Amino acid sequence: MATKTTRTFNYWQVRTIVVTMIGYALFYFVRKNFSIAMPGLTADFGISKVQLGLFLTLNGVIYGLSRFVNGIITDRNSARKVMSIGLFLCAVVNIMFGYSDSIAGWILLMAERMGVELTFTTVLVYFMGIVWVINGYLQGMGVPPCTKTLTQWIPPKELATKMSVWNMSHSIGAGLVFALCGWFIMPHMGVNMSADPETVSSIAANLGLSITDPKVLEFAEHYFAWRWCFIIPAVIALFGAVGLWIMLKDSPSDVGLPEVVGKKKAIVLTPEESAEYKAFVRKKVFGNRLIWTLAITNFFVYVVRFAALDWGPTLLTESKNLSLAMATTFCIVFEFVGGNIGMVVAGWATDHLFKSKAHHTCVFCLIGTMLSIAAFWFIPVTAPWWLLMLPFTFIGFFIYGPQALLGIAAANQATNRAAATANGILGIFGYASTIVSGVGFGFVAQHYGWNAAYITIFVMAILGMLTLLTMWNAKADGYETSAKES
């Protein structure tokens, strides 16, 4: 490239990374807000851990399938359109979730007029579940457009480092929404009902605690604040969707620049072209053992990640006796410090120490994850807060390496022609993990206690490492093989 072209390309590459980072972080605003709202939903309505876990499982399974479906759709359409429309619709359903108690009341009234006997809690749980499943599908319109766009803008040899930087959007989005909801919305946006004995008694019963327990009074102070954990992030996401539509470009050729790998090729022009592409996808994705190995590993990695991310506020308040405010702080540090630094370090190590072999880096990350889980588990609740925070942060540091790199490895193995489809398969396995980390984790915690839950996530980390070791001798990417076969 000429110097001027190089400068122009660098500008657009950086802009694309930043825009997709902000866009995907906003998907987390209208997804991980649920984690902060979970204790409030239990306190206000008595929704059990198993029911909350079922919400997470259904949302996650549908999300995984959606990432696969939308990976195929995105590989054939404009990533900009898919991503911006998806974020807009996620915001809409979050607003509906925020008013779910009011909508459930209206449904209950209509049912009574029709002579159908229902309870408010039943209607509320079903309505929330349906809305959150819809959100799960729409969330699947976030990652595939990013994967497709970034593999168009970043050369394979730079992909691990630069996509690890992009992958910080996960932690940035989760950390910011935890801060927004846990530090600002929950303490300040509730209806102060703490002086109402009936309300306090109801919250105590829902939490299974004494009416004099400090946690009961804490939740009474932000009664119904969970509602704003959905509405306010949704409004922010609406503006973000408009920004994505305006700012994002699909590939270098859209702004008159040359492609980074080969010639941009229309995927469906003639029957012959379509047949060639389908054969390519069958070989490089569906018939590729390495893609399936990465997908299975992704299942185990996501169990560990979601155990800390989705259950973090609940796990920390109940197993380590922290306040909701302190638990929120732990989760923010987990994401911002542990997750972000871990992803960048893992990406740098992949390109500079492991010759772009992301699967090698992931093995060492999972060993670190196992040690960190064990350390956090065995530290007593009486220990100083900083001593508890240290291993919890290191769980984020180590688990976010594989979380970022497995998708990068899949994109490199499938090449940029089928990167979104390959990551769609990883998405199915990653979010099928919510069967374990969602309803399974909730069932284990509710019936067998938190020690059994810690054992579950420790075993998941071991299985992820062992699965990944089966592809230790694999090459860094599939471009060379594809070139020889073409």
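Please read all numbers here as calculations on a predicted model, not as lab measurements.
Atom CG in L405 sits 12.0 Å away from atom OG1 in T297 (nearest 0.5 Å). Between the CD atom in Q13 and the CG atom in L150 there is a gap of 9.0 Å [rounded to 0.5 Å]. With rounding to the nearest 0.5 Å, the separation of OG1 in T147 from CG in N70 is 12.0 Å. Atom CZ of F398 and atom CE of M370 lie 11.5 Å apart (nearest 0.5 Å). Here the CE-CG distance, from M83 to D250, works out to 11.5 Å after rounding to the nearest 0.5 Å. Taking CH2 from W348 and CZ from F354, the interatomic distance works out to 10.0 Å, rounded to the nearest 0.5 Å.
With a 4.5 Å cut-off on side-chain heavy atoms, F429 and I425 count as touching. Side-chain contact between L52 and F34 is present, with heavy atoms from C-beta onward closer than 4.5 Å. The side-chain heavy atoms of L248 and S84, taken from C-beta on, include no pair separated by under 4.5 Å. Side-chain atoms of L316 and F392, non-hydrogen and from C-beta on, do get closer than 4.5 Å to each other. Considering only heavy atoms from C-beta on, R80 stays 4.5 Å or farther from K249 through its side chain. Contact of the W245 side chain with the I85 side chain is registered, since non-hydrogen atoms from C-beta on lie closer than 4.5 Å. The closest side-chain heavy-atom distance from L366 to I399 is below 4.5 Å. Between I236 and L180 there is a side-chain heavy-atom pair separated by less than 4.5 Å.
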For this session: Determine, step by step, whether E335 and S171 satisfy the side-chain hydrogen bond (donor to acceptor under 3.5 Å, both in side chains) criterion, reporting the C-alpha distance in whole Å, the side-chain angles of both residues, the deciding distance to 0.1 Å, and the verdict.
Result: CA-CA 5 Å; E335 294 291 326; S171 291; 3.2 Å; yes
Problem set entry | Residue pair Y63, L138: steps toward the side-chain contact (heavy atoms from CB on, under 4.5 Å) verdict | CA-CA 8 Å; Y63 174 59; L138 297 172; over 6 Å; no
For this session: List the steps and the verdict of side-chain contact (heavy atoms from CB on, under 4.5 Å) for N288 and K283.
Result: CA-CA 6 Å; N288 190 340; K283 185 177 183 66; over 6 Å; no
For this session: Could you walk me through whether F127 and W132 pass the ring-ring contact (aromatic ring centres under 6.0 Å, His included) test, one step at a time?
Result: CA-CA 9 Å; F127 180 79; W132 211 239; over 10 Å; no
Exercise. Going through the checks in order, is the side-chain contact (heavy atoms from CB on, under 4.5 Å) test met by W311 and M38?
Worked result: CA-CA 9 Å; W311 288 99; M38 282 167 60; 3.8 Å; yes
Problem set entry | Evaluation steps, ring-ring contact (aromatic ring centres under 6.0 Å, His included), between F394 and F376 | CA-CA 9 Å; F394 269 108; F376 181 72; over 10 Å; no
For this session: Show your working on side-chain hydrogen bond (donor to acceptor under 3.5 Å, both in side chains) between T361 and T350 and close with a plain yes or no.
Result: CA-CA 6 Å; T361 314; T350 298; 2.8 Å; yes
Exercise. Would Y11 and R15 satisfy side-chain hydrogen bond (donor to acceptor under 3.5 Å, both in side chains), going step by step from the backbone distance to the final call?
Worked result: CA-CA 6 Å; Y11 161 78; R15 169 172 159 165; 3.2 Å; yes
Problem set entry | Intermediate values then yes/no, side-chain contact (heavy atoms from CB on, under 4.5 Å), I134 and M96 | CA-CA 11 Å; I134 294 172; M96 291 177 62; over 6 Å; no
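Donor-acceptor pairing under 3.5 Å is recorded for the side chains of T20 and W166. No donor-acceptor contact under 3.5 angstrom links the side chains of Q413 and K475, judged on distance only.
No cation-pi contact links R227 to F97, judged by a cut-off of 6.0 Å to the six-membered ring centre and 45° from its axis.
Of the possible polar contacts, one joining the H359 side chain to the A474 backbone as a donor-acceptor pair under 3.5 Å is found. T151 contributes a side-chain N or O that, together with a main-chain N or O of K148, makes up a donor-acceptor pair within less than 3.5 Å. At least one donor-acceptor pair under 3.5 Å links the side chain of T329 to the backbone N or O of A325. Without hydrogens or angle criteria, T74 side chain to P144 main chain gives no donor-acceptor distance under 3.5 Å. The main-chain N or O of I62 is never found under 3.5 Å from a side-chain atom of S66 such that the two would form a donor-acceptor pair. Checked by atom type and distance alone, the side chain of T57 pairs as donor or acceptor with a backbone atom of V439 at under 3.5 Å. Remark: the backbone N or O of K81 is paired with a side-chain donor or acceptor of S78 at under 3.5 angstrom.
The nearest pair of heavy atoms linking C365 to G401 is SG-CA, 4.2 Å. The two residues V303 and S433 come nearest to each other via the heavy atoms CG2-CB, 3.5 Å. Residue A37 comes nearest to W226 through the heavy atom pair CB-CB, 4.0 Å, listed as atom of the first residue, atom of the second, then distance. Nearest heavy-atom pair across P252 and F9 is CG-CE1, 3.9 Å. In terms of heavy-atom proximity, G86 sits nearest to M141 at CA-SD, 3.6 Å. Residues L56 and G438 share a closest heavy-atom pair of CB-CA, 4.0 Å.
Under the ring pair (Phe, Tyr, Trp, His ring centres under 6.0 Å) criterion, F336 pairs with no residue, sequence neighbours left out. With sequence neighbours excluded, no residue forms a side chain to side chain donor-acceptor pair (under 3.5 Å) with T314.
Aromatic rings from H360 and W472 are positioned such that their centres are separated by under 6.0 Å. Proximity of the aromatic rings of Y24 and Y28 is defined here by a centroid distance below 6.0 angstrom, and this criterion is met.
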Anything under 3.5 Å between a donor and an acceptor, one on a side chain of residues 88-95, the other on a protein residue two or more places apart or in another chain? List them.
| unit_1 | atom_1 | unit_2 | atom_2 | d |
| --- | --- | --- | --- | --- |
| N94 | OD1 | N33 | ND2 | 2.8 |
| N94 | ND2 | V30 | O | 3.0 |
| N94 | ND2 | C90 | O | 3.0 |
| N94 | ND2 | N135 | OD1 | 3.4 |

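Heavy atoms of other residues, nucleotides or ligands lying less than 6.0 angstrom from CZ of F286 number more than 12.
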